[in-house]
Amino acid sequence: MTDIPNTFSSPSNLFSVTDDVPEINSAKINTFIAPHHSPSVAKELIETAQALVNPRGRGIYATDESPDVIEAAFVAAGQDQSSSEADMLQRRKAWREAVYDAVPNEHISGVIVYPETLLDFKLGPVLSKKGIIVGVRANGELAPFPASPFEFIVQGLDDLLARLQAARAAGARFSKWRVPIACTSDALGLPSQTSLDVQAETLAAYASISQQAGLVPIVEPDVEFSADADLARSVEVHQRAIRLIFDRCATHGVLLEGTLIKPSYPQPGLKHPSRASITPKDIALATATVVSNSVPSAVAGVAFLSGEIRVDLVFDMQLMFSDDTGGLATPVALDYLSAVNKLVNSSPPTSPFSRLPPLSFSYGRALQGEAIQKWVNGDVAAMKSSLEHAAKGCWQAAKGEL
């Protein structure tokens, strides 16, 4: 038998600073660091996570739509559909350049980009030069869940470390991974426990790998709201999902102080009668309850998503759980965010709500929906004004001042 050289080596964090630097060793991290974490990397993860949600009010702009989705947005805004791949590529790059140049850093702390934007267009420096932290979408595409036709597995773990190391080298300092979670009435039986277990394990493995690559992970459990669940059922599903995620994160040794969560708002499904009468105050109470009961206090912050579901696609299950569908209408997304922060502001010191981490936003359409229309029509000044106005609204809502 011929001896074969052992070419395997454990993947290392190629971008960490060595821990024998006196300045690193003397730096105060204010939390116990487990032996498997590098103190220097842990310090950077914690500082980056804190910077994404502080000062209070600043939040994240999500621009990680896939190419086909942003092209569809251009067409919906009135631009002619192009048959040339080169033209579409150039159009996407031009849009990203324009909107990143316009994004206001006083209201936006970070921007999530699609890998094409970071690695091919190389637009990370446009943001980082403005003091905006660059993040990258890490999750792959969806695959059907074999045991349940209305639930999905998220692909992309196999080559994740290499991809995130490349993103780190290109300027990224955080990443995001979304999992879709079905939510129906108890009678209809979704989500399945198996699906919740798989999604939690996937997010925890991703978070661990992201930190290994030197990137703050944002775990995103997106509980959809197209079906017949009432508010209580949505709260139940949110809490089950989030508790499982952080249970698996503990098993994987994830540094929670260097982690963020991007959850959906608990809310009745579109097919439940109470949907029409639910108020932002109802959503705020449910949301604050979910966070206080499910998110460990060590987690650096919460950046809500607006809900990845398009009302006109509620009967198409494949599209309903797509990673790129729309969300809540902009006024609703802002009302929910402002209401939950107003609740925090008014809570007495004895309330668990007064001890919640920063409750911010990670919105896409709520920030850029109108801006895309202005840009497609060639009015760059109006696009910039629209983006600035929307970002300020999100900033005010994240302080409970809207």
Side-chain angles (χ1 to χ4, degrees), residues 45 48-53 58-66 69-70 96 100 103 108-119 123-124 127-128 132-142 154-157 159-161 163-168 170-181 199-200 202-223 241-242 245-246 249 254-256 258-264 295 299-308 321-325 327 358 360-368 394:
L45 291 171
T48 300
Q50 289 291 336
L52 285 168
V53 291
R58 294 179 85 211
I60 299 168
Y61 175 22
T63 69
D64 56 316
E65 311 95 337
S66 60
V69 169
I70 197 64
R96 299 301 191 197
Y100 294 162
V103 64
I108 301 298
S109 59
V111 172
I112 309 171
V113 305
Y114 194 73
E116 174 188 70
T117 307
L118 182 68
L119 302 175
L123 295 182
L127 295 165
S128 57
I132 294 174
I133 305 169
V134 179
V136 66
R137 171 172 154 176
N139 58 276
E141 300 305 318
L142 303 182
V154 185
Q155 302 176 100
L157 285 177
D159 61 346
L160 182 60
L161 179 60
R163 290 192 290 112
L164 293 186
Q165 287 176 330
R168 164 89 191 197
R173 291 299 177 265
F174 72 97
S175 67
K176 182 217 76 170
W177 185 294
R178 171 186 175 262
V179 299
I181 297 173
Q199 306 292 26
T202 298
L203 281 176
Y206 143 73
S208 177
I209 294 169
S210 182
Q211 292 186 341
Q212 185 181 7
L215 302 181
V216 168
I218 300 182
V219 295
E220 182 179 347
D222 184 2
V223 179
I242 294 171
I245 290 164
F246 286 115
C249 281
V254 174
L255 179 69
L256 296 185
T259 303
L260 298 175
I261 183 170
K262 181 179 177 178
S264 45
V295 179
V299 173
V302 179
F304 292 103
L305 60 90
S306 58
E308 302 302 313
F321 292 115
S322 164
D323 198 34
D324 300 305
T325 51
S360 189
F361 60 91
S362 179
Y363 288 169
R365 191 179 68 171
L367 282 163
Q368 69 181 21
C394 290

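All residue numbers refer to positions in the sequence shown, counting from 1. The structure displayed is predicted, hence computed values, not measured ones.
- Ion pair E116/R137 not flagged as a salt bridge, since none of the NZ, NE, NH1 or NH2 atoms sits closer than 4.0 Å to an Asp/Glu carboxylate oxygen.
- Taking 4.5 Å as the limit, every side-chain heavy atom of V103 sits out of range of all side-chain heavy atoms of T63.
- Atom-to-atom distance recorded for S264:OG and R178:CZ is 9.5 Å, nearest 0.5 angstrom.
- Between V136 and A167, the shortest heavy-atom contact is CG1-CB, 3.8 Å.
- Counting heavy atoms from C-beta outward, W177 and L157 have side chains that approach closer than 4.5 Å.
- Applying the salt bridge (charged side-chain N to carboxylate O under 4.0 Å, His left out) criterion to R173, with sequence neighbours excluded, gives E44.
- Among residues two or more places apart in sequence or in another chain, the side-chain hydrogen bond (donor to acceptor under 3.5 Å, both in side chains) test is passed with T259 by Q211.
- The heavy-atom pair separating L164 from A213 by the smallest distance is CB-CB, 3.8 Å.
- Contact annotation: the side chain of L142 approaches that of V154 to within less than 4.5 Å [non-hydrogen atoms, C-beta and beyond].
- If you take CG on L118 and CG on D64, they are separated by 12.0 Å, rounding to the nearest 0.5 Å.
- Side-chain contact check for L160 versus Y206: some heavy-atom pair is nearer than 4.5 Å.
- Going from atom NZ of K262 over to atom OG of S306 covers 7.5 Å, rounded to the nearest 0.5 Å.
- Nearest approach of V254 to S208, heavy atoms of both residues: CG2-N, 3.8 Å.
- In this structure T117 satisfies the side-chain hydrogen bond (donor to acceptor under 3.5 Å, both in side chains) test with no other residue, sequence neighbours excluded.
- Taking 4.5 Å as the limit, some side-chain heavy atom of P221 sits within range of a side-chain heavy atom of I261.
- Looking only at side-chain heavy atoms (C-beta outward), R58 and L52 stay at 4.5 Å or farther from each other.
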Inset, instruction - Test side chain to side chain contact (heavy atoms under 4.5 Å, CB included) on Y114 and I70 and set out the steps. - result: CA-CA 11 Å; Y114 194 73; I70 197 64; over 6 Å; no
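- For the side chain to side chain contact (heavy atoms under 4.5 Å, CB included) criterion with F361, the lone passing option out of L305, I108, I60, V53 is I108.
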